[in-house]
Amino acid sequence: MHTCTAAVVGASGYAGLELTRILSRHPRVRLAALFSDRWSDDEAGARLPLQGPAAALRYRPLAGSADVEAEVAFLATPAEVSLELAPRLLARGVRVVDLSGAFRLGDPALYPQWYGFAHDQPELLAAAPYGLPELCRAELAGARLVSNPGCYATAIALAVAPLVKSGLCLPDGIAVTAMSGVSGAGRKASEDYSFCEVGEDLRAYRIGRHQHVPEIERTVARHAGRCGPLSFTPVLAPIRRGILATCTLRLAPGASPGELARALEGAYAGEPFVRVVPADRVKVADVARTNRCHLGATADVRAGLAVAVSAIDNLVKGAAGQAVQAFNAAMGFDEALGLDLLGG
Ligand SMILES: NC(=O)C1=CN([C@@H]2O[C@H](COP(=O)(O)OP(=O)(O)OC[C@H]3O[C@@H](n4cnc5c(N)ncnc54)[C@H](OP(=O)(O)O)[C@@H]3O)[C@@H](O)[C@H]2O)C=CC1
Ligand SMILES: CC(=O)N[C@@H](CCC(=O)OP(=O)(O)O)C(=O)O
């Protein structure tokens, strides 16, 4: 049975740590290299409670990552860093799963506005399959470059896309508010994310201009045929991890409340990581440290609106777990390999 050698770049970050944990226990993966500048030469076992051979690996500086001797590299790096690394690694025959937004939007013209940099890899951008297996599985088999979805985008697209596709909700006028734990911002040492600023507080940010807006619109449109401009308000919440997204959609004429939950159940029947539950039972605590998304929908008939609620762990289904799920799909492995130990 083939065992795939893997490297994690950005291994000292929150997503990189989670990837290291998951990959160190993946039955078809051997972790071969961990790249981190700040932890260069430290033993992985001294930073994380790892078991097995992964504990003896030493972090290596990112400068040497052109020499990645692994079949697959997981890039848990900022988007500009991934944009530079991915083509170099692909040219050396290394398969790449990128956790950043560098390859998510399809169109290079969108990058200056939403990510603040110009994109110089239009061919890779056009060709990179989107690593959200529940909605884009067909693209993933054999992929050499996987573009892993954003955390908010995962929670929101999984809730919204089937409701629009079913015709029960309209593609225009969708509005979403989603709260995220602070780990969503990465290991930033800035005042805004310090304990005293974040603790016991809630605040909205980047209203209507968050980088996941075009990603969500693209994913819903590809799955459901159309998605009008979507309004998104992210909110920073005083928890470590987890996202709760509340999505409001206009009900189509004649759509009945009971049909909404049935549309979600039909869309995700047989999916190991998506559970449909009553909308007021969707809880971050139930998905924390797992690769699951819990979601539900109900109708506010008086207002003519559907309300869909979705919860994920931003570091697992929103980042590292999803990356491993998409990697499994690309390799032809069972999608749950290495992820089942995180909790069923
Ligand atoms: N946190 C989350 O919930 C999610 C994150 N993502 C994406 O995954 C990627 C990693 O995120 P996350 O782990 O949160 O980020 P962190 O900030 O926690 O970690 C990023 C890591 O990348 C390395 N790095 C390499 N080059 C640079 C650079 N120029 N500037 C800063 N860091 C650099 C750093 O390691 P070192 O200094 O040791 O080399 C750092 O630890 C990002 O693209 C992020 O947008 C996606 C979905 C969810
Ligand atoms: C709380 C918080 O700050 N969250 C991050 C989510 C980052 C993410 O998912 O990633 P990409 O940068 O890869 O799109 C944000 O809003 O930017």
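Because the structure is a prediction, the values reported are computed rather than measured. Whatever order the structure lists ligands and atoms in, that order sets their numbers, starting from 1.
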With a 4.5 Å heavy-atom cut-off, do [X] and [Y] have their side chains touching?
X: Leu295; Y: Val276; result: yes
X: Gln121; Y: Leu90; result: no
X: His119; Y: Phe103; result: yes

Note the single closest protein heavy atom to [atom], along with its residue, its atom name and the distance in Å.
atom: atom 2 (C) of ligand 2; answer: Tyr205 OH, 3.2 Å
atom: atom 15 (C) of ligand 2; answer: His210 NE2, 3.3 Å
atom: atom 12 (O) of ligand 2; answer: Gln211 NE2, 3.3 Å

> Near Tyr152, which atoms of ligand 2 are under 4.0 Å from a heavy atom of that residue?
Replying inline: 16 (O)
Can you check whether [X] has an N/O within less than 3.5 Å of an N/O in ligand 2?
X: His212; answer: yes
X: Ser100; answer: no
X: Gly184; answer: yes
X: Arg104; answer: yes
X: Cys151; answer: yes

>> Using every non-hydrogen atom in the two residues, find where Glu134 and Glu271 come nearest and quote the distance to one decimal.
In response: CG-OE1, 3.5 Å
>> Between the side chains of Arg218 and Glu215, is the shortest nitrogen-to-carboxylate-oxygen separation below 4.0 Å, so that they form an ion pair?
In response: no
>> One thing to verify: whether Asp98 and Arg104 come together as a salt bridge, which I'm taking to mean a side-chain N less than 4.0 angstrom from a carboxylate O.
In response: no
>> Check contact between Ser180 and ligand 2, using heavy atoms of the residue and a distance below 4.0 angstrom.
In response: yes
>> Is it the case that the side chain of Asn314 and the backbone of Gly242 share a donor-acceptor pair, with hydrogens and angles ignored and the cut-off at 3.5 Å?
In response: yes
>> Could you work out, with side-chain contact (heavy atoms from CB on, under 4.5 Å) as the rule, every residue matching Ala267, not counting sequence neighbours?
In response: Pro162
> Can you find a side-chain donor-acceptor pair between Thr77 and Ser82 that sits under 3.5 Å?
Replying inline: yes
> Side-chain donor-acceptor pair under 3.5 Å between Ser194 and Glu197, yes or no?
Replying inline: no
>> Heavy-atom distances under 4.0 Å decide this one: backbone, side chain, both or neither, for Tyr115 against ligand 2?
In response: side chain
> What part of Leu236 sits under 4.0 Å from ligand 2 if we count only heavy atoms: the side chain, the backbone, both or neither?
Replying inline: side chain
> Which parts of the protein, at residue level, reach under 4.0 Å of ligand 1 through a heavy atom?
Replying inline: Gly10, Ser12, Gly13, Tyr14, Ala15, Ser36, Asp37, Arg38, Leu62, Ala76, Thr77, Pro78, Val81, Leu99, Ser100, Arg104, Cys151, Ser183, Gly184, Gly186, Arg187, Asn314, Leu315, Gly318, Ala319
>> Considering Pro149, Ala185, Ser183, Ala102 one by one, which has a heavy atom nearer to atom 3 (O) of ligand 2 than any of the others?
In response: Ala185
> Taking the six-membered ring for Trp, are the ring centroids of His210 and Tyr152 within less than 6.0 Å of each other?
Replying inline: yes
> Within a reach of under 6.0 Å around CZ of Arg281, are more than 12 heavy atoms found that belong to other residues, nucleotides or ligands?
Replying inline: no
